[in-house]
> 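Here's a structure for you.
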Amino acid sequence: MVSEHSDATSGETAALALKILVAGGFGVGKTTLVGAVSEIRPLRTEELLSEAGRSVDDTGGVDRKVTTTVAMDFGRITIRSGLSLYLFGTPGQDRFWFLWDELAQGALGAVVLADTRRLKDCFPAVDYFEHRRIPFVVAVNCFTDARAYGAHEVSRALGLDRGTPVVLCDARDRDSGKEVLVRLVEYAGRMHTARLLDSVG
């Protein structure tokens, strides 16, 4: 979602709003990231995990998790004057992936959150954005009890295309989350510009 309006009388350009998805596996910290960076009270669609859901949701490594997103999270952050990001956190479980196509419409790019204890859980999100040519960055949420890996190691383990950014972050920390979003906007801007130049060249 991109919107920009000009005031014909003053010549001033109003705020630009960009739509960003926050994706990744179950329990990786998507709701936490959106809540940490949002300057408004985030919209959450969390429900308690049920016994029926436990039979299909892999809670290994996130045993203390008691709720799950069933539709989306929504938040907003102003990166700088005139530039705001609308954040849409996607549900992580396979059974809610039908919502992704709706959420992805008009998105500038995406953040794929990764947990090195459950790295395979972010493969579906990586594949989704690669196949739809939606620019994304991988943000490794550095849990305190997880083994530390460098950005290059994570990139190689995920088989990312050359140039796809990998950043280390703490999803609970606003400044850390904002830095991830800035990296995404910069990267997505370069990708969209390159594609535009290719199309007219």
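One is the number of the first residue; the rest follow in order along the sequence.
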> Please report the C-alpha distance between Leu18 and Leu83 in whole Å, then the side-chain angles of each, then the deciding distance to 0.1 Å, and finally whether the side chain to side chain contact (heavy atoms under 4.5 Å, CB included) criterion is met.
CA-CA 8 Å; Leu18 304 174; Leu83 175 60; 3.5 Å; yes
> Closest heavy-atom contact between Leu113 and Cys169?
CD2-SG, 4.1 Å
> Do Pro42 and Leu87 make a side-chain contact, defined as non-hydrogen atoms from C-beta onward lying under 4.5 Å apart?
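No, too far: nothing below the 4.5 Å cut-off.
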> Mind checking the CZ-CD1 spacing from Phe88 to Ile20? Nearest 0.5 Å is all I need.
10.5 Å
> How many angstroms lie between CG in Leu108 and CG in Leu85, if you round to the nearest 0.5 Å?
8.0 Å
> Closest approach of Ala125 and Ala23, non-hydrogen atoms and distance?
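Answer, listing the atom of Ala125 first, then Ala23: CB-CB, 4.2 Å.
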> Heavy atoms only: give me the nearest Ala139-Val111 pair and the separation to one decimal.
CB-CG1, 3.9 Å
> Is a side-chain donor or acceptor of Lys30 paired with a backbone partner of Met72 at a separation under 3.5 angstrom?
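Not confirmed, Lys30 side chain does not pair with Met72 backbone.
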> If the condition is salt bridge (Lys or Arg N to Asp or Glu O under 4.0 Å), which residues does Arg195 pass it with, not counting sequence neighbours?
none
> Check whether any side-chain heavy atom of His192 sits under 4.5 Å from a side-chain heavy atom of Pro135, and report yes or no.
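A side-chain contact under 4.5 Å exists here.
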> Hey, could you give me each pair passing side chain to side chain donor-acceptor pair (under 3.5 Å) that has a residue in residues 163-178? Not counting sequence neighbours.
Asp170-Arg172
> Applying salt bridge (charged side-chain N to carboxylate O under 4.0 Å, His left out), which residue pairs with at least one partner in residues 123-139 are found, sequence neighbours left out?
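For residues 123-139: Asp101-Arg132.
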> Going from CD1 on Ile134 to CD on Gln105, what distance comes out if it is rounded to the nearest 0.5 angstrom?
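Between atom CD1 of Ile134 and atom CD of Gln105 there are 10.0 Å.
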> With a 4.5 Å cut-off on side-chain heavy atoms, are Leu160 and Val166 touching?
yes
> Identify each donor-acceptor pair in which a side-chain atom of residues 74-81 lies under 3.5 Å from a protein atom, sequence neighbours left out, and give them as a table.
| residue | atom | partner | partner atom | Å |
| --- | --- | --- | --- | --- |
| Arg76 | NE | Glu39 | OE2 | 3.2 |
| Thr78 | OG1 | Glu39 | OE1 | 3.3 |
| Thr78 | OG1 | Glu39 | OE2 | 2.7 |
| Thr78 | OG1 | Ser84 | OG | 3.4 |

> Please, which pairs that meet salt bridge (charged side-chain N to carboxylate O under 4.0 Å, His left out) have at least one residue in residues 152-167, sequence neighbours excluded?
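Those involving residues 152-167 do not exist here.
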> Taking Ser199 for the side chain and Leu196 for the main chain, is one N or O donor matched with an acceptor at less than 3.5 Å?
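Confirmed, Ser199 side chain pairs with Leu196 backbone.
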> For the residue pair Ala146 and Arg117, what are the closest heavy atoms and their distance?
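Closest pair (atom of Ala146, atom of Arg117, distance): CB-CG, 3.6 Å.
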> With sequence neighbours left out, what residues match Ala110 under side-chain contact (heavy atoms from CB on, under 4.5 Å)?
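So Ala110 forms a side-chain contact (heavy atoms from CB on, under 4.5 Å) with Leu21, Phe129, Phe136.
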> List in chain and number order the residues that pass ring-ring contact (aromatic ring centres under 6.0 Å, His included) with Tyr128, two or more places apart in sequence or in another chain; answer none if no residue qualifies.
Trp100
> Could you work out, with side-chain contact (heavy atoms from CB on, under 4.5 Å) as the rule, every residue matching Pro165, not counting sequence neighbours?
Val137, Arg183, Tyr187
> Look at the side chain of Asn141 and the backbone N and O of Val28, then say whether any donor-acceptor pair between them is shorter than 3.5 Å.
yes
> What pairs with Leu119 under side-chain contact (heavy atoms from CB on, under 4.5 Å), at least two apart in sequence or on another chain?
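For Leu119 the side-chain contact (heavy atoms from CB on, under 4.5 Å) partners, ignoring immediate neighbours, are Ala114, Cys122, Val154, Ala157, Leu158.
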